[in-house]
Amino acid sequence: MAQTVTSPHMPPKLKKDTLRVVPLGGLGEVGRNMTVYEINGKLLIVDCGVLFPEESQPGVDLILPDLNYIKDRLDDVVAVVLTHGHEDHIGAVPYLLRRRPDTPLVGSQLTLALVEAKLQEHRIKPYTMDVVEGQIEKIGPFECEFVAVNHSIPDAMAVFIRTVAGNTLHTGDFKMDQLPLDGRITDLRHFARLGEEGVDLFLPDSTNAEVPGFTPTEKHIGPVISNVIRDAKKRVIVASFSSHVHRVQQVLDAAEERGRKVVLVGRSMVRNMTIAEKLGYLTVPKGLLIDLKKVDDYRPDQIVMMCTGSQGEPMAALSRMANGDHKIQIEPDDTVILASSLIPGNETSVYRVINGLMKLGANVVHKGNAKVHVSGHAAAGELLYCYNILRPRNVMPVHGEVRHLQASGKLAVETGIKEDRVLICDSGTVVDLKDGLANIVGQVPCEYVYVDGKSVGHVTEDDLKDRRVLGEEGFVSIVTVIDRATKRVVTGPDIHARGIAENDSVFDDITPKITAALEDALHRAPERVHTVHQLQQIVRRTMGAWVARRLRRKPMIVPVVIETNTPEARKG
């Protein structure tokens, strides 16, 4: 039986020469990837990413890893190793470096360039170390060896971590595309050498562990995009991740082939592609790119636009186009290509955008009806290759929901790894490695940390519950003025509702009931003197029971009770 977290408990004190591994995100979810390695008083962090909010988290911009586990030990962090430049692996770096700006960042050239551009917006100048595949660096008690892996962004790398307690291989996101656009394949020969040396703990990307076979090659996507552009009657709008350099390259090549100009739409898209071109990861044919301001100088059938919003993010360019509140207005016979996979949890948002675009007359091409995207993650067949090549002693699947982690664990067992050496963990699970054995030894708190505007960590689950109620059930305010001297209601109740379809006159029936309930409470004095808060609760209960029975709603109810002395009371 695989090891799992049975009952949450704090881990014991870490013993000397024992490696502790604590994921602070990325397990049980697709995003906010971050793992902390600790040995002999020093910490090494691998990745520090964000998770994008779901519809049940209204108003939230980003979700960060829970840094409370390390907040008092930031001076013990020897480095942050970044496996690649996607937001779910680097997006939270600014929030970590706000706490300790001189924390060293280690990664490939493109990865660090993307992070540095992000940090510049936060006015943080980081200390960085560029590394390449095959390079070995001694960082405190950790020796890190970097391995080339193929992903949907260039320059991705796995990291092999040697310690006195054993060796760990952390893949980051990867797949085994044998015909990648940039010719840089996942280095299985390097994996094999590490397997010969001995992998005591293997942390593989498990996002596609449920998908049988092998992930198709990127090379097949370019011709499909080219044909879609060829057949398009008017503008073509392609939505992708702002860091998907390979997909942007394919769009540029297809647009040039079909005689169209390309416009990059969105700040992050322009920034990331400018960096990629400058560093040589993106080849832009001369004269192909034009500024958004010059679009009207060309016919619609001469334009391709590359934008963000493939996951239905509400503030991204494509979502705003679908809602009609972007400077680019969708017109009948425009063609929109969603060149991305659906991240689990985003399905509803993406289909809402698709429906909105189609309602405006656009032809929408997506993975469901054309081969315009392939995943960046290894499918089951590729993971089996890895398990067989590496022959790890212990396996801790990472990067995925519970179903993905369990599927990856089952693949490991099929290749001969003992079931009790497979660790199915949650974010916050504590794993200790010693003498070739990895065991779950505890669980630390690992909550969602919400970014809401400039607020970081101040929004709570209760706040989100209130927002959901406001959005789904509406809002009712009741303002009442009472006089304790006369023991009666002198003004109101004045009832105002928002988000409830009925006219405010529907509350005429409940007004006398609220008045009666308040005056009944006031007449009980002095046997029982009610505070203003208690009186407000009486109003809340009276209104809540009525509105649930009469309107079948559970709105947010905000009662306001004000005390005053009427002229009649003063005369008395």
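Keep in mind that this is a model prediction, so the values were computed, not measured.
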Using modelled atom types and a 3.5 Å cut-off, is there a donor and acceptor pairing between side-chain atoms of [X] and backbone atoms of [Y]?
{"X": "S206", "Y": "V398", "result": "yes"}
{"X": "S242", "Y": "T308", "result": "no"}
{"X": "D88", "Y": "L51", "result": "no"}
{"X": "N208", "Y": "A379", "result": "no"}
{"X": "Q249", "Y": "T283", "result": "yes"}
{"X": "Q302", "Y": "R299", "result": "yes"}
{"X": "H190", "Y": "D187", "result": "no"}
{"X": "K261", "Y": "G287", "result": "yes"}

Report the C-alpha distance between T186 and Y385 in whole Å, list the side-chain angles of each, state the deciding distance to 0.1 Å, and finish with yes or no for side-chain contact (heavy atoms from CB on, under 4.5 Å). CA-CA 12 Å; T186 294; Y385 261 85; over 6 Å; no
Where is the tightest heavy-atom contact between [X] and [Y], given as atom of each residue plus distance?
{"X": "M321", "Y": "C307", "value": "CE-SG, 4.2 Å"}
{"X": "V199", "Y": "L194", "value": "CG2-O, 3.8 Å"}
{"X": "L169", "Y": "A158", "value": "CD1-CB, 4.3 Å"}
{"X": "P204", "Y": "L383", "value": "CB-CD2, 4.4 Å"}
{"X": "L24", "Y": "C446", "value": "O-SG, 3.3 Å"}
{"X": "A362", "Y": "V336", "value": "CB-CG2, 4.1 Å"}

With a 6.0 Å cut-off on ring centres, are [X] and [Y] close enough?
{"X": "H151", "Y": "H86", "result": "yes"}
{"X": "H399", "Y": "H170", "result": "yes"}
{"X": "H122", "Y": "Y95", "result": "yes"}

Between [X] and [Y], does any side-chain N to carboxylate O distance fall below 4.0 Å?
{"X": "R403", "Y": "E210", "result": "yes"}
{"X": "E419", "Y": "K410", "result": "no"}
{"X": "R193", "Y": "E145", "result": "no"}
{"X": "R32", "Y": "E29", "result": "yes"}

Going by distance alone, is a donor N or O of one side chain under 3.5 Å from an acceptor N or O of the other, for S226 and R258? yes
Could you tell me whether the side chains of D47 and H89 share a donor-acceptor contact shorter than 3.5 Å? yes
Rounded to the nearest 0.5 Å, what separates atom [atom1] in [X] from atom [atom2] in [Y]?
{"X": "L405", "Y": "L423", "atom1": "CG", "atom2": "CG", "result": "11.5 Å"}
{"X": "E382", "Y": "T215", "atom1": "CD", "atom2": "OG1", "result": "4.0 Å"}
{"X": "I161", "Y": "C144", "atom1": "CD1", "atom2": "SG", "result": "5.0 Å"}
{"X": "K219", "Y": "Q250", "atom1": "NZ", "atom2": "CD", "result": "10.5 Å"}
{"X": "T168", "Y": "M396", "atom1": "OG1", "atom2": "CE", "result": "10.0 Å"}
{"X": "Y281", "Y": "R184", "atom1": "OH", "atom2": "CZ", "result": "8.0 Å"}

Please tell me if the side chains of [X] and [Y] come closer than 4.5 Å, counting only heavy atoms from C-beta onward.
{"X": "H246", "Y": "D182", "answer": "yes"}
{"X": "I303", "Y": "V236", "answer": "no"}
{"X": "V80", "Y": "V106", "answer": "no"}
{"X": "I417", "Y": "P392", "answer": "yes"}
{"X": "E137", "Y": "V131", "answer": "yes"}
{"X": "Y37", "Y": "I45", "answer": "no"}
{"X": "H84", "Y": "D173", "answer": "yes"}
{"X": "L67", "Y": "L96", "answer": "yes"}

As a quick check of understanding, evaluate ring pair (Phe, Tyr, Trp, His ring centres under 6.0 Å) for F160 and F146, giving each step before the final call. CA-CA 6 Å; F160 187 65; F146 298 92; over 10 Å; no
Test salt bridge (Lys or Arg N to Asp or Glu O under 4.0 Å) applied to E121 and R271, step by step: CA-CA 12 Å; E121 296 178 1; R271 180 192 67 198; 2.8 Å; yes
If you draw a 6.0 Å radius around [atom1] in [X], do more than 12 non-hydrogen atoms from other residues or ligands fall strictly inside?
{"X": "Q120", "atom1": "CD", "answer": "no"}
{"X": "E196", "atom1": "CD", "answer": "no"}
{"X": "K234", "atom1": "NZ", "answer": "yes"}

Between E257 and R230, does a salt bridge (Lys or Arg N to Asp or Glu O under 4.0 Å) hold up when you go through it step by step? CA-CA 9 Å; E257 181 185 355; R230 177 198 63 195; over 6 Å; no
Worked verdict on D177 versus T217 for side-chain hydrogen bond (donor to acceptor under 3.5 Å, both in side chains): CA-CA 5 Å; D177 191 337; T217 179; 2.7 Å; yes
Please determine whether side-chain contact (heavy atoms from CB on, under 4.5 Å) holds for the pair D334 and N363, giving the CA-CA distance in whole Å, both sets of side-chain angles, and the decisive distance to 0.1 Å. CA-CA 6 Å; D334 281 347; N363 303 308; over 6 Å; no
Evaluate the side-chain contact (heavy atoms from CB on, under 4.5 Å) criterion for residues I63 and V50: first the C-alpha distance (whole Å), next the side-chain angles of each, then the deciding distance (0.1 Å), finally the verdict. CA-CA 6 Å; I63 304 170; V50 297; over 6 Å; no
Can you list the steps and then say if R247 with I225 is a side-chain contact (heavy atoms from CB on, under 4.5 Å)? CA-CA 10 Å; R247 190 67 70 247; I225 293 176; 3.9 Å; yes
